Amino acid sequence: FLIDWINATLKQEHIVVKSLEEDLFDGLVLHHLLEHLGSLKLDVDKIALTEKKQRQKLSVILEAVAKCLQLEANQLKWSVESILSKDLLSTLHLLVAIAKHFQPDLAIPANVQVETITIEVIIVFIFATMDYGILSQGLICLKLGRNVADDAFDELFSRAPDRLDAVKQVFLQFVNQHVGKLGLNVKDIESQFADGVILLLLIGQLEGYFLNLRDFFLTPASPTEMLHNVNLALDLLTDGGLLNFSVNSE
């Protein structure tokens, strides 16, 4: 119903929506819809190609919607992040609210219920060494949804978080020992490895690779560029026989 309503509303602008999740997240259709229904002139670009610009555009659009509908922040059933991440339920709430406000006589199907399923991702750190007391010989593998032997699992969490912090320090020392030769210093594994740059440079140092600067982004400016770097690093590890299980680059 909502897809048909949007397409009928924006027919003269030659806009055709086929999927609410895929066609509304970047703000383009919402922009046209608000301009057509509410005669709103929004100070945003018609087309936002980067995630940063899409987020900025959605922020302006959703602020305008909240103002028109006279809704407080705690009344909103959507957000910039939920729309940008293609959350269908948030998108439905937003479109129904817009439709009811600007076209109150619209025969929206009544008593629609949505069943939602929340999936919890459980991350398990598996700590395995020849001797649990020797952290410098430790190995941490990140696995998702995999059964773990009780002794290794219990051993890890019986001593957490101190043991995990100690293992992190061992790896920080290991990383800095090698990337320090390039004038780099890693202080936080989670954040500084996210864009793939340190990972690539570390692999290059350890394996003696010459990494052409044209093959990766030294200063990635978007999630796409970061993902490119991580994928390249994983490919190098796989080709070198160092990675024998699947890793989600995202």
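Because the structure is a prediction, the values reported are computed rather than measured. We're numbering straight along the sequence, starting at 1.
- The salt bridge (charged side-chain N to carboxylate O under 4.0 Å, His left out) pairs that include a residue from residues 15-25 are Glu22-Lys86, where partners are two or more places apart or lie in different chains.
- Applying the side chain to side chain donor-acceptor pair (under 3.5 Å) rule to pairs touching residues 91-104 yields Trp5-Gln103, sequence neighbours excluded.
- Take Leu71 and apply the side chain to side chain contact (heavy atoms under 4.5 Å, CB included) test, not counting sequence neighbours, and it matches Leu69, Gln75, Leu76, Trp78.
- The side chain to side chain contact (heavy atoms under 4.5 Å, CB included) test applied to Phe217 returns Pro220, Glu225, His228, Asn229, not counting sequence neighbours.
- The distance from the CD1 atom of Ile198 to the CD atom of Gln205 is 11.0 Å, given to the nearest 0.5 Å.
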Just distance, no hydrogens or angles: give the donor-acceptor pairs under 3.5 Å from side chains in residues 106-119, sequence neighbours left out.
none

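- Screening Leu20, Ile15, Leu30, Ile98 against Ile6 for a side chain to side chain contact (heavy atoms under 4.5 Å, CB included) leaves a single residue, Leu20.
- Considering only residues two or more places apart in sequence or on other chains, Gln177 meets the side chain to side chain contact (heavy atoms under 4.5 Å, CB included) condition with none of them.
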*Can Leu200 and Leu236 be said to form a side chain to side chain contact (heavy atoms under 4.5 Å, CB included), step by step?*
CA-CA 9 Å; Leu200 281 170; Leu236 290 174; 3.9 Å; yes
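- Residues passing the salt bridge (charged side-chain N to carboxylate O under 4.0 Å, His left out) test with Glu81 are Arg55, sequence neighbours excluded.
- Residues Lys57 and Val60 are not in side-chain contact: their nearest non-hydrogen atoms beyond the backbone lie 4.5 Å or more apart.
- With sequence neighbours excluded, the residues forming a side-chain hydrogen bond (donor to acceptor under 3.5 Å, both in side chains) with Ser79 are Ser82, listed by chain and number.
- Applying the side chain to side chain donor-acceptor pair (under 3.5 Å) rule to pairs touching residues 187-199 yields Lys168-Glu190, Asp188-Ser191, sequence neighbours excluded.
- Partners of His36 by ring-ring contact (aromatic ring centres under 6.0 Å, His included), not counting sequence neighbours: none found.
- Pro104 pairs by the side chain to side chain contact (heavy atoms under 4.5 Å, CB included) definition with nothing, not counting sequence neighbours.
- Residues satisfying the ring-ring contact (aromatic ring centres under 6.0 Å, His included) test with Phe193, not counting sequence neighbours, are none.
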